[in-house]
Each structure stands twice: as structure tokens, then as C-alpha cells.
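Right, one structure below, let's go through it.
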There are 2 protein chains.
Amino acid sequence: MIPIKQGQGEHHVCSAEFAMAVRDTLDVISGKWKLPILGSLINGKKRFKELQKDIPRITARMLSKELRELEMNQLVKRTVYDTIPATIEYEKTPYGCSLDKVLFEMKEWGTQHRKRIIHKGKLKAE
Amino acid sequence: MIPIKQGQGEHHVCSAEFAMAVRDTLDVISGKWKLPILGSLINGKKRFKELQKDIPRITARMLSKELRELEMNQLVKRTVYDTIPATIEYEKTPYGCSLDKVLFEMKEWGTQHRKRIIHKGKLKAE
DNA sequence: TATATCGGTATACTAGAGTATAGCAAAAAC
DNA sequence: GTTTTTGCTATACTCTAGTATACCGATATA
């Protein structure tokens with residue numbers, strides 16, 4: 001048995017809290033359709049059917065569900081206009097924009113990571 | 001029909017590429033155990049059993065699987081020492097540390113988001 | 001001989017995320 | 001009438017992430 005030892009880690013609460021906070025953010029933006037939806041709303045307000053047309057292959061069920069979650073997290077605002085048939089608009093809130101910094105960092109890292117890893121055939125080239 | 005219209009969004013390729021890059025990052029760090037593992041490796045090298053002890057309730061199967069993924073993404077390095085029984089050490093790579101900026105932003109946002117949302121009873125208080 | 005340790009793998013299961021399809025109410029256009 | 005539009009919901013399914021449990025070979029320890 002070789003004496004390999006070094007930094008025999010006490011593991012602090014800190015790390016668990018860190019993980020929780022990161023996971024909270026993760027929960028808000030993960031799911032197959034949240035990013036496409038937020039992406040589509042960058043260009044301004046959109047109605048339900050517009051979002052559907054904008055996001056290929058999304059089902060009404062998923063669009064509805066994800067919009068509801070985004071709304072609960074206050075990233076998206078839903079406005080109902082009393083027309084017939086009902087007009088309902090979705091838009092990114094200012095708070096939703098507070099995520100931009102996070103998303104920007106993730107985009108930067110993801111971009112370079114793809115370049116780095118793609119050569120070894122790990123990521124789907126698409 | 002009320003003429004509600006404004007920013008009739010042409011939707012660019014840009015947004016899809018953005019979503020892809022963010023998702024690449026998401027794929028690397030999501031999964032139930034990746035953050036706890038990276039957290040445990042902050043304190044230095046660890047052996048398999050040490051990680052198991054450090055991360056309550058993780059199964060050998062998941063630990064092994066997640067470590068393999070982290071290794072494929074070059075965030076973690078696996079070193080085999082020719083002892084008996086074999087000694088195997090895992091450690092965060094310098095490249096793994098390049099994620100720190102992203103994780104920091106996610107932690108910051110997640111922390112304030114929990115404070116913001118918890119009052120409305122959306123997040124599990126834990 | 002039996003048991004423990006190390007670093008896992010194999011097999012089978014469960015639960016949750018996502019899909020597919022049909023339908024609804026109310027009015028408008030044909 | 002019948003069909004179309006809007007913004008969804010209900011039901012049933014599939015597929016994948018994660019869990020539970022047992023086991024492996026080699027060696028050391030009792």
C-alpha cells in the first residue's frame with residue numbers, strides 16, 4: 001500500500017450549500033424546451049401559437065407546462081387580453097433578463113467546450 | 001381581434017446556436033451527482049471509496065458512471081497506481097476549474113433566486 | 001476456512017420527463 | 001350547418017435517469 005494521501009478533505013457545509021444554489025439555477029433553466037422558449041421571447045412578446053410555430057416539434061402540452069414553470073419563477077409574464085377568442089401574450093420579465101449573465105457564461109463555456117471535445121468525438125456533431 | 005403586434009420576430013439561427021451552447025454546458029454539469037462529486041474533489045484527490053463516504057446515498061453504479069462522464073469531459077482525471085489492491089485516484093483537472101466561473105454565476109443567481117421565490121412557497125424550503 | 005477491502009459491473013426495477021393524440025368552449029368565416 | 005381559430009387540458013403511452021441488489025477477482029486479515 002503506497003502512502004498516497006494529501007488534503008484529507010474535511011467536507012464542509014459550504015459545499016452542500018453551493019451545490020444547492022447551483023442546482024436551484026439548474027432547475028430553473030433545465031428541461032428540454034426552456035431555452036428555446038426564452039430564446040424565442042428575446043425578440044419580444046409572443047402569443048401561444050406564435051411560440052408553437054417558432055419552436056419546431058414542441059407540443060402544446062409541453063409549451064403550456066414550461067411556460068407555467070417559467071411564470072412561477074417570474075422569468076416570464078403572462079398577460080390575458082379580453083378579446084374573443086382570448087389573446088394571451090407571453091414576454092420575458094426584467095427579472096428574466098437577470099439570468100442573461102449566467103446564460104452568457106454558460107454559452108461561452110459551452111462553445112469552447114464543444115470545440116475542445118468535438119475532435120475526440122464525444123459530442124454529437126450536428 | 002385586437003391588433004396586438006410588435007416586434008414580429010424573425011427568429012435567427014443565432015438563438016438556436018446559443019441554446020445549443022448553453023445546453024452543452026448544461027449536459028456537462030447536470031445529473032443528480034455531478035455537483036456533489038466536483039464539490040468533494042475541491043479538497044483534493046480522492047479515492048473511489050472516499051468519494052462514496054463523502055457523498056451520502058450515492059450508489060457505486062452512479063458514482064462510477066458520473067465519474068466516467070466527468071472524465072470524458074476532461075473535468076476529472078483518473079489515475080491508477082499499480083498497488084494491490086489497485087489504488088485509483090480522482091482529481092479535478094485545471095480544465096475542470098475553468099467551469100468555476102460558470103458555477104459561481106449559477107451559485108450567485110440561485111442564491112438570490114431562492115431568497116426571492118421562497119416567500120411564495122415555490123422552492124422546497126429544506 | 002471465512003470474512004473484509006478495493007473498485008467497480010450486471011441485472012432488474014421505479015419514477016419522472018417527455019410524446020402522441022384527442023378534445024373543449026366560444027365565436028367567426030364559409 | 002361545418003369548419004377554423006385560440007389556448008389550452010386529459011389520457012395514455014414511451015423512454016431515460018436514477019435506484020436496489022447482488023456479484024466479481026485478487027489479496028489481506030482473523
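- Going from atom CZ of A:Arg47 over to atom P of D:dT5 covers 13 Å, rounded to whole Å.
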Worked check of side chain to side chain contact (heavy atoms under 4.5 Å, CB included) between B:Leu67 and B:Arg78: CA-CA 9 Å; B:Leu67 282 170; B:Arg78 183 185 130 115; over 6 Å; no
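- Closest-nucleotide positions on DNA chain C for A:Ile58 and B:Pro85 were compared, and the one nearer the 5' end corresponds to B:Pro85.
- Rounded to a whole Å, the CD1 atom of A:Ile37 is 12 Å from the P atom of D:dC8.
- To the nearest 0.5 Å, atoms CG (B:Leu26) and OG (A:Ser30) are separated by 6.0 Å.
- With rounding to the nearest 0.5 Å, the separation of OH in A:Tyr90 from NZ in A:Lys45 is 14.0 Å.
- One distance of note links CG of A:Asn73 with CZ of A:Arg68; it measures 13.0 Å at 0.5 Å rounding.
- When each of A:Arg116, A:Arg114, A:Lys115 is checked for a salt bridge (Lys or Arg N to Asp or Glu O under 4.0 Å) with B:Asp24, only A:Arg114 meets the rule.
- Note that the two end axes of the helix from C:dT1-D:dA30 to C:dC30-D:dG1 enclose an angle of 30°, each drawn from 5 base pairs, rounded to 10 degrees.
- Summarising the geometry, the separation between CG on B:Leu26 and P on D:dA17 is reported as 13 Å, rounded to the nearest angstrom.
- OP1 or OP2 of D:dG7 has not a single side-chain nitrogen or oxygen of A:Arg68 nearer than 4.0 Å.
- What separates CD of A:Glu71 from P of D:dC8 is a distance of 9 Å, to the nearest Å.
- Expressed to the nearest 0.5 Å, how far NZ of B:Lys77 lies from CG of B:Leu41 amounts to 13.0 Å.
- Nucleotide D:dT19 holds its P atom 10 Å from the NZ atom of B:Lys65, rounded to whole Å.
- Rounded to an integer number of Å, the gap from CG of B:Leu63 to P of D:dA20 is 15 Å.
- For the pair B:Ala60 and A:Lys53, nearest-nucleotide mapping onto DNA chain D gives the more 5' position to A:Lys53.
- Under the 4.5 Å side-chain criterion, counting only non-hydrogen atoms from C-beta, B:Ile88 is not in contact with B:Phe48.
- When the side-chain nitrogen and oxygen atoms of A:Tyr81 are compared with OP1 and OP2 of D:dG7, none of them lie within a distance under 4.0 Å.
- Counting to the nearest Å, the P atom of D:dG7 and the CD1 atom of A:Ile84 are 13 Å from each other.
- A:Leu35 and A:Ile55 end up in the same hydrophobic cluster when Ile, Leu, Val, Met, Phe, Trp and Tyr side chains are linked at under 4.5 Å.
- For B:Gln52 and D:dA20, the CD to C1' distance is 14 Å, given to the nearest whole Å.
- Checking A:Arg61 against B:Glu66, the closest nucleotide of DNA chain D that is more toward the 5' end is the one next to A:Arg61.
- Scanning DNA chain C 5' to 3' for nucleotides with an atom closer than 4.0 angstrom to a non-hydrogen atom of chain A gives a first and last hit of C:dG18 to C:dA27.
- Across all strands shown, A:Lys49 has heavy atoms under 4.0 Å from base atoms, whether or not it also approaches the sugar-phosphate.
- Looking at A:Lys34 and A:Glu69, a side-chain N of the basic residue comes within less than 4.0 Å of a carboxylate O on the acidic one, giving a salt bridge.
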